[in-house]
A.B. asks: 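A single structure is presented below for examination.
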Amino acid sequence: MKLKILLVSAEVYPFAKTGGLADVSGALPPALKKLDHDIRVIMPQYPCTAKAGRKIQPLKIDLKLSDFNGKGTLFSSELTGGVPIYLIEHDGYFNRKHIYGEPGSDYPDSVERFSFFSQAVLEAVKRLDFKPDIIHCNDWHTGLIPVYLKSLYRNDPWFSQTKTLFSIHNLGYQGNFPHSHLKVTGLDESLFTEEGLEFYNQISFLKGGLIFSDTLSTVSPTYSQEIQTQDLGFGMQGILQKRSDSLHGIMNGVDETVWDPETDPLIPANYGPKSLSQKKQCREDLIKIFSLRPNKKSPILCMITRLSQQKGIDLIMEARTALDELDISLVILGTGSAEYESFFQQWSKDRPDNIATALKFDESLGHRILAGSDMFLMPSLYEPCGLTQMYALKYGTVPIVRAVGGLKDSIQEFSDKTGKGTGFKFKIPQTKFFLKSLQKALSCFQQTQTWKKLMLNGMDKDNSWEFAAKQYSSLYQKTLRS
Ligand code: ADP
C-alpha cells in the first residue's frame with residue numbers, strides 16, 4: 001500500500017549535519033520513495049542549509065502560531081531521487097551559527113525553538129494540503145509532535161487518521177529542561193505527571209516521544225535491547241520495558257550515492273573490489289595531507305568522530321603509551337570536548353611523523369581519511385547504530401570496534417582460519433582488551449592475502465538502505481493497523 005509519510009528531523013544531509021541523524025534523514029526517504037511511498041521531509045532552515053548546493057525556493061506560506069513570537073516561513077527543495085523537503089525558516093529561532101547551540105550545549109531557548117518547530121510542522125502540512133498517514137519523528141527535537149497530536153490537536157480532523165513513529169537515534173540526548181519552561185510549549189500543566197512529560201522534576205521532550213507515539217523504533221536490534229537495561233537506558237528503561245512490544249530495532253544503511261569508493265568524487269582515486277590497488281593512491285594522499293612518515297609496511301589507523309565520552313576516547317587516551325610502542329600511524333578527525341581536543345593536539349605535536357589531528361567538522365576530509373586509511377577505530381562505550389564503521393567496510397578500511405549496539409550487529413569478527421568476518425571486536429571496554437583486538441588486526445595486516453580477503457569481505461557486504469527501507473515500510477503499515 002502506498003503511504004503518505006512525513007519524516008521530521010532537526011538535521012538532514014546535505015542541508016545540515018552534526019552526526020548520523022542527518023545521514024539517516026537524508027538517505028532513508030529516497031529509499032522509501034523507491035518503494036513507491038509518497039514520502040516528504042521537513043526540517044528547520046538554518047544558515048548552513050544554503051551551502052547544500054541545492055535550490056531552495058520560498059513557498060509564500062507563512063506560519064504564525066499564537067503561542068510563539070514572530071512567524072515562520074516555508075521553503076521547499078529536493079533530496080536525492082526527487083524527494084520533496086520543506087524547510088521552516090524563523091529568523092528568531094533558526095537564523096543562528098549552530099544547529100543546537102555552542103558545541104556541547106543547547107541554546108537556552110531550545111524549548112521554544114523546538115516547540116515552535118513541532119507545532120509549525122503540523123500547521124505546515126495542512127497548508128501544504130498533505131494529510132500524512134504516518135509522521136516519522138526523530139530524536140528529542142521532534143518529541144513533542146506526538147504529544148501535540150494527542151492533546152492540542154486531538155480533535156483536529158486533519159490528523160484523525162495520522163499515526164506516529166518515534167525513532168531513537170541516541171537515548172543519551174533527551175531534551176530535558178526545567179519545569180518552568182512547560183508553559184512555553186503551549187501544553188497544559190496536567191501533562192506534567194509521571195505518565196506524561198515529567199522526568200525527575202524536569203520536562204523531557206524525549207519522554208514525550210516515547211510515551212505518546214504509536215510505535216517506537218531505534219537504529220539497531222542490539223541497541224533496542226540495551227536501552228531496556230539500567231546500564232544503557234539513561235533512566236528511560238522502565239518506559240521502554242513497558243513499551244517493548246511497540247519497540248523495534250532497524251539497522252541503518254549506507255547511502256551509496258555518497259559513500260562508495262568507486263564513484264566518490266571527494267577522494268583522489270576511485271577504487272573498488274576489482275581495483276583495490278588504487279586505494280594506495282588514497283593512502284599517499286593522506287600521508288601528504290598530514291605530512292606523515294609511516295613505515296611502508298605499517299598501517300594507518302583513523303578515527304572520524306565526535307570527541308565525546310560516548311565514543312570511547314578515554315580508552316584511546318589510556319592506551320597512548322602502548323600505542324606509541326606500536327609500528328602504526330593514527331589520523332583523528334573530530335571536534336568536541338576541550339580535554340579530548342587538547343589531548344590529540346598534544347599527541348600529534350609530540351609525534352608529528354605518526355599522529356595527525358584535525359580538530360574540525362569536515363565532510364570532504366572525512367572521505368579522504370577513510371579512503372586513505374587501513375583500519376578504522378570505534379571503541380564506543382555505547383553506540384545506537386554507528387554509521388562510519390559501515391562506511392569503513394565499504395572503503396576497505398577494516399573496523400576495530402567495541403562489541404556494543406549497532407557495532408556488534410554490523411561487524412563480524414574475522415577468523416584467519418575460516419577467512420570469514422569483516423573486522424575485529426572487543427567486548428570489555430578496557431585498554432588490554434582493545435589492544436588485544438588491535439594486535440590481532442596488526443598480525444593479519446602483515447599477511448597480505450589474508451588482509452585482502454578481509455578487506456573484500458567488508459567491501460562486498462550489502463548494507464544499502466533498501467533492506468532498512470523495507471523494514472520501515474512494514475513497520476509503518478503495522479503502526480497504521482495498531
Ligand atoms: P554519531 O551520530 O553518534 O555522531 P555516527 O557514526 O552514527 O555517529 O555518524 C557520524 C557521522 O558524522 C558520520 O557520517 C561521520 O563520518 C560524520 N562525522 C563525525 N565527525 C566528523 C568530523 N569531524 N568531520 C566530518 N565528518 C564527521
Side-chain angles (χ1 to χ4, degrees), residues 9-28 48 51 98-100 103-104 138-141 167-173 218-220 222-223 232 234 250-261 264 266-267 286 289-290 302-313 331-337 340-341 344-345 356-373 376-395 397 399 401-402 404-411 423 463 465 468:
S9 177
E11 50 181 285
V12 181
Y13 182 82
F15 294 93
K17 169 167 168 176
T18 68
L21 172 62
D23 289 357
V24 175
S25 310
L28 172 61
C48 65
K51 293 184 205 135
H98 301 285
I99 296 178
Y100 304 118
N138 294 278
D139 273 354
W140 73 261
H141 327 98
S167 289
I168 304 156
H169 296 261
N170 192 332
L171 201 68
Y173 297 86
T218 188
V219 286
S220 69
T222 293
Y223 194 58
L232 293 176
F234 286 95
I250 301 179
M251 198 74 197
N252 287 331
V254 172
D255 183 348
E256 289 167 352
T257 64
V258 181
W259 295 98
D260 181 352
D264 189 338
L266 300 172
I267 59 177
L286 186 58
I289 298 176
F290 290 105
C302 73
M303 295 179 77
I304 302 165
T305 183
R306 287 185 289 115
L307 295 175
S308 80
Q309 199 189 15
Q310 179 206 335
K311 299 295 180 180
I313 310 297
V331 177
I332 299 105
L333 170 63
T335 52
S337 100
Y340 295 146
E341 289 196 354
F344 285 117
Q345 210 158 29
T357 305
L359 298 175
K360 55 182 173 175
F361 193 97
D362 186 333
E363 184 76 20
S364 151
L365 186 57
H367 285 241
R368 286 168 81 175
I369 292 175
L370 209 54
S373 303
F376 172 75
L377 301 182
M378 203 152 169
S380 307
L381 294 184
Y382 74 93
E383 195 57 70
C385 177
L387 287 163
T388 323
Q389 84 281 4
M390 292 197 276
Y391 304 155
L393 288 178
K394 192 93 196 132
Y395 282 69
T397 304
V401 304
R402 166 125 194 271
V404 71
L407 296 172
K408 185 175 168 196
D409 294 339
S410 59
I411 306 300
N463 282 322
W465 269 103

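It should be emphasised that the depicted structure is a prediction, and the values quoted were computed from it without experimental measurement. Just follow the structure's listing: the first ligand is 1, and inside any ligand the first atom is 1.
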A.B. asks: Could you tell me whether Tyr100 and Tyr173 have their ring centroids closer than 6.0 angstrom?
C.D. replies: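 Here the rings of Tyr173 and Tyr100 have centres that are no less than 6.0 Å from each other.
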
A.B. asks: Anything under 3.5 Å between an N or O on ligand 1 and a protein N or O? List each pair with its distance, or write none.
C.D. replies:
{"unit_1": "ligand 1", "atom_1": "2 (O)", "unit_2": "Gly20", "atom_2": "N", "d": "2.6"}
{"unit_1": "ligand 1", "atom_1": "3 (O)", "unit_2": "Arg306", "atom_2": "NH2", "d": "2.8"}
{"unit_1": "ligand 1", "atom_1": "3 (O)", "unit_2": "Lys311", "atom_2": "NZ", "d": "2.8"}
{"unit_1": "ligand 1", "atom_1": "4 (O)", "unit_2": "Arg306", "atom_2": "NE", "d": "2.8"}
{"unit_1": "ligand 1", "atom_1": "6 (O)", "unit_2": "Leu387", "atom_2": "N", "d": "3.0"}
{"unit_1": "ligand 1", "atom_1": "6 (O)", "unit_2": "Thr388", "atom_2": "OG1", "d": "3.3"}
{"unit_1": "ligand 1", "atom_1": "7 (O)", "unit_2": "Leu387", "atom_2": "N", "d": "3.4"}
{"unit_1": "ligand 1", "atom_1": "8 (O)", "unit_2": "Lys311", "atom_2": "NZ", "d": "3.2"}
{"unit_1": "ligand 1", "atom_1": "9 (O)", "unit_2": "Gly20", "atom_2": "N", "d": "3.2"}
{"unit_1": "ligand 1", "atom_1": "14 (O)", "unit_2": "Lys17", "atom_2": "NZ", "d": "2.8"}
{"unit_1": "ligand 1", "atom_1": "14 (O)", "unit_2": "Asp23", "atom_2": "OD2", "d": "2.7"}
{"unit_1": "ligand 1", "atom_1": "23 (N)", "unit_2": "Lys360", "atom_2": "O", "d": "2.8"}
{"unit_1": "ligand 1", "atom_1": "24 (N)", "unit_2": "Asp362", "atom_2": "N", "d": "3.0"}

A.B. asks: Considering only residues two or more places apart or on different chains, which pairs with a residue in residues 9-21 satisfy salt bridge (charged side-chain N to carboxylate O under 4.0 Å, His left out)?
C.D. replies: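 Checked against salt bridge (charged side-chain N to carboxylate O under 4.0 Å, His left out) - neighbours excluded - the pairs reaching residues 9-21 are Lys17-Asp23, Lys17-Glu363.
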
A.B. asks: Mind checking whether Lys360 and Leu333 have side chains closer than 4.5 Å, heavy atoms only?
C.D. replies: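 When only atoms from C-beta onward are counted, Leu333 and Lys360 do touch, with a gap below 4.5 Å.
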
A.B. asks: Quick one: are Trp259 and Leu370 in side-chain contact, heavy atoms under 4.5 Å?
C.D. replies: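 Touching, per the 4.5 Å side-chain cut-off.
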
A.B. asks: Is there a side-chain contact between Ile313 and Met303 (heavy atoms, below 4.5 Å)?
C.D. replies: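 With C-beta onward as the side chain, the pair touches.
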
A.B. asks: Between Thr397 (side chain) and Ser373 (backbone), is there a donor-acceptor pair under 3.5 Å?
C.D. replies: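 Yes; judged by distance alone, with no hydrogens or angles, the pair exists.
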
